[in-house]
Amino acid sequence: MGKYPKIGIRPTIDGRQGGVRESLEEKTMNLAKGVANLISSNLKNGDGSPVECVIADSTIGRVGESAACAEKFEREGVGSTITVTSSWCYGTETMDMNPHYPKAVWGFNGTERPGAVYLAAVLAAHSQKGLPAFGIYGHDVQDINDDSIPEDVAEKILRFTRAAQATATMRGKSYLSIGSVAMGIAGSIVNPDFFQKYLGMRNESVDSTEIIRRMKEGIYDHEEFEKAMAWTEKYCKVNEGTDYNRPEKQKSRAEKDKDWEFVVKMTIIIRDLMKGNPKLREMGFKEEAIGHNAILAGFQGQRQWTDFLPNGDFSETILNSSFDWNGIREAHLLATENDSLNGVAMLFNHLLTNKAQIFSDVRTYWSPQAVKRVTGKELTGLAANGVIHLINSGATTLDGTGRQTLNGQPAMKEPWNITQEEVKACLAATTWSPADRDYFRGGGFSSTFLTRGGMPVTMSRVNIVDGLGPVLQLAEGWTVDLDPEVHEIINRRTDKTWPTTWFAPRLTGKGAFKDVYSVMNNWGANHGAISYGHIGLDLITLASILRIPVCMHNVEESNIFRPSAWNAFGMEKEGADYRACKNFGPIYK
């Protein structure tokens, strides 16, 4: 990623000299330092580095000091701000006025000085000026000499910061389309207004033939290719799966060997298109070395590519994983079928967690009755109410095997917490089946594995609705293990060469979460992005910063954290979310 945005900490203070301000200087600056330490000790960027904070050079009591703080933040690469205070301050003089910075304000809950009064006043100013801010107010009164950060305050600071850092990290980056529209999938009709106005991103596009050109003209790191092929021979090709194609459609051994070389080169080239590669400059390819500054990409594949060339399954799987022949590293997000909207959901999840993401078709709802009819067996445990079959040929990260562990349980982890043994376990759990040539005439290899049950996960998706704009939906739940015989029978009813994840959403008994059928029936598109962990609250906070309303979720309403201005749009939280997002509009409009 290179340089990450920083969090700006703004210690505001009562500007009255002659006793008032002087008595608050140390207290106010201590609060700012405490917030900075909390953030840097708990949150990391995608490369594992701590999220950095920048504190204003002085406390901020009047507008001149606000301006000096703003200038410093611009120089330092700040992307969002948190204002902290233990007292009354001059609201409009001390507030953050940058229209693109996500903002939060912590007003210390103490009776000696009216920090809560300032918090209420400055939040009103933010709302009145159309610059929504998150209000943070501790539940319990603290003494003036208590510089600790209460647990409820810390939780809100960290939730805001995760979402704000994700917002700032996206800004200025690119979405790279490799190819165009895949089989009429609307999500692959990339909407540049959405990316520009809601995410602050630009759109880049290359024709799929650019991959062929680079192959034919040798525009890739040849030493890396040899290294990658050796790694692939050792960990992937050795696990080549059964060829289920009819004999007349099966490729020869020599043809399959060529396909392996093709898909490895393709993987290197797609990464270079996204990120650039200084090695290409050394080879004389200065233009190609630059890349497209892509934080996210999509590969069309079907059908113009896959009708005569090996499919993108290997490339999508490896790039979306937290490791390859160069070792353990941050995932390179690549959406199957150029579904940019599901790619954006993957991006949101990844930036909030730093973990690899599963891309899947939300393929089939299996009711307990249907499973019993087909297999003669009952669903049990978390699967007792039915399951959703998540399966797709492409971008299901190898992390999604669930062969990493946390506290002895299956997990998907941040790259810096993954061990080499876990990498090998993920690879060993995966076979590479020759592609179904009824679907993929050009061949290729699809990853085949079964996700281990017991992982808490969140499935999400962004959709665009005419007249409404973008909306986010999410469902928290768990991956589940089925009886092996049940899995075998019902998995074979679809493409058994693809990776399978069995998903059981958490039910609330009402609305879209009345039952598992309703979750499937209310899902807005054919794809979903699945992240390890129950991250619904973080996604909702992020969506509110981006002015994207949430149309479907199953998280506890009392814990939802949105800007304080949302309270003015009615007492029903979800309707208020829609009205607030429409009223304020996208942040980069």
Side-chain angles (χ1 to χ4, degrees), residues 10 12 66 80-85 87-109 114-139 152-153 155-164 166-167 197-200 462 465 467-474 511 536-553 555-589:
R10 308 176 70 258
T12 57
S66 290
S80 59
T81 64
I82 301 176
T83 298
V84 301
T85 190
S87 67
W88 166 256
C89 314
Y90 303 155
T92 58
E93 289 196 38
T94 59
M95 65 188 288
D96 171 20
M97 292 284 287
N98 187 305
H100 294 161
Y101 287 172
K103 312 172 206 316
V105 184
W106 174 29
F108 181 81
N109 185 1
V117 178
Y118 169 70
L119 177 63
V122 80
L123 290 176
H126 277 287
S127 298
Q128 188 169 329
K129 290 178 176 292
L131 301 169
F134 291 77
I136 300 172
Y137 182 54
H139 185 273
D152 62 325
V153 171
E155 181 180 348
K156 288 184 175 180
I157 289 172
L158 294 177
R159 176 159 297 132
F160 165 78
T161 304
R162 280 191 291 267
T167 301
K197 295 179 180 179
Y198 285 89
L199 309 181
V462 173
V465 180
L468 173 62
V471 295
L472 175 72
Q473 56 184 166
L474 65 93
L537 288 171
D538 287 342
L539 279 167
I540 290 171
T541 295
L542 173 59
S544 68
I545 291 175
L546 300 172
R547 317 289 195 263
I548 298 175
V550 179
C551 65
M552 172 180 166
H553 73 79
V555 303
E556 176 56 49
E557 184 178 277
S558 62
N559 294 325
I560 290 173
F561 191 37
R562 292 180 171 124
S564 64
W566 268 233
N567 297 328
F569 289 87
M571 294 178 65
E572 193 271 306
K573 283 184 178 290
E574 304 316 314
D577 181 36
Y578 272 80
R579 291 185 288 273
C581 289
K582 180 180 180 180
N583 179 73
F584 291 112
I587 53 178
Y588 307 112
K589 59 186 175 183

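For clarity, every value in this text was computed on a predicted model and none was experimentally measured.
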**OP:** Report the distance from atom CD1 of Ile587 to atom CD1 of Ile545, rounding to the nearest 0.5 Å.
**Re:** 7.5 Å

Subject >> Closest non-hydrogen atom pair between Leu542 and Ala166, with its separation >> reply: CD1-CB, 4.2 Å

**OP:** For residues Ala576 and Gly570, report the shortest heavy-atom separation together with the two atoms involved.
**Re:** CB-O, 3.7 Å

**OP:** Just jot down the side-chain contact (heavy atoms from CB on, under 4.5 Å) partners of Gln473, sequence neighbours excluded, or say none.
**Re:** Arg461, Asn463, Trp523, Cys551, Met552

**OP:** Take Leu539 and Val550, measure what side chain to side chain contact (heavy atoms under 4.5 Å, CB included) needs, and give me the verdict at the end.
**Re:** CA-CA 9 Å; Leu539 279 167; Val550 179; over 6 Å; no

Original post:
Which heavy atom in Asn109 sits nearest to a heavy atom in Gly138, and how many Å separate them?
Top reply: ND2-O, 3.0 Å

Original post:
Which value, rounded to the nearest 0.5 Å, describes the distance between Thr541 atom OG1 and Asn559 atom CG?
Top reply: 10.5 Å

Subject >> Pairs flagged by salt bridge (charged side-chain N to carboxylate O under 4.0 Å, His left out) wherever residues 536-552 is involved - sequence neighbours left out >> reply: Arg159-Asp538, Arg162-Asp538

Original post:
Nearest 0.5 Å, what's the CZ-CD1 distance between Phe561 and Ile136?
Top reply: 4.5 Å

Original post:
Can you list the residues that meet the side-chain contact (heavy atoms from CB on, under 4.5 Å) rule with Pro586, with sequence neighbours excluded?
Top reply: Lys197, Tyr198, Lys589

Original post:
Would you call Phe108 and Val84 a side-chain contact if the rule is heavy atoms closer than 4.5 Å?
Top reply: no

Original post:
Of all heavy-atom pairs between Tyr137 and Gly107, which one has the smallest distance, and what is that distance?
Top reply: CD1-O, 3.4 Å

Subject >> Cationic N near anionic O, under 4.0 Å, Arg562 to Glu557 >> reply: no

**OP:** Nearest 0.5 Å please: distance from the CD1 atom of Ile82 over to the OH atom of Tyr101.
**Re:** 13.5 Å

Subject >> Val555/Ile540 under side chain to side chain contact (heavy atoms under 4.5 Å, CB included): CA gap, chis, key distance, verdict >> reply: CA-CA 9 Å; Val555 303; Ile540 290 171; 3.5 Å; yes

Taking only distance into account, with no hydrogens and no angle test, what donor-acceptor pairs under 3.5 Å do side-chain atoms of residues 115-134 form with protein atoms, sequence neighbours excluded?
| from | atom 1 | to | atom 2 | distance (Å) |
| --- | --- | --- | --- | --- |
| Tyr118 | OH | Thr94 | OG1 | 3.0 |
| His126 | ND1 | Leu131 | O | 3.0 |
| Ser127 | OG | Leu123 | O | 3.1 |

Original post:
Could you state the interatomic distance from CG (Asp96) to OG1 (Thr12), rounded to the nearest 0.5 Å?
Top reply: 11.0 Å

**OP:** Kindly write out the residues that satisfy side-chain contact (heavy atoms from CB on, under 4.5 Å) with Asn583, not counting sequence neighbours, or none if the list is empty.
**Re:** Phe569

Original post:
Of all residues at least two apart in sequence or in a different chain, which pass the side-chain hydrogen bond (donor to acceptor under 3.5 Å, both in side chains) check with Thr83?
Top reply: Arg10

Subject >> Gap separating the NZ atom of Lys573 from the CD1 atom of Ile560, nearest 0.5 angstrom >> reply: 6.5 Å

Original post:
Is Pro99 close to Tyr588 at the side-chain level, that is, under 4.5 Å between some pair of heavy atoms?
Top reply: no

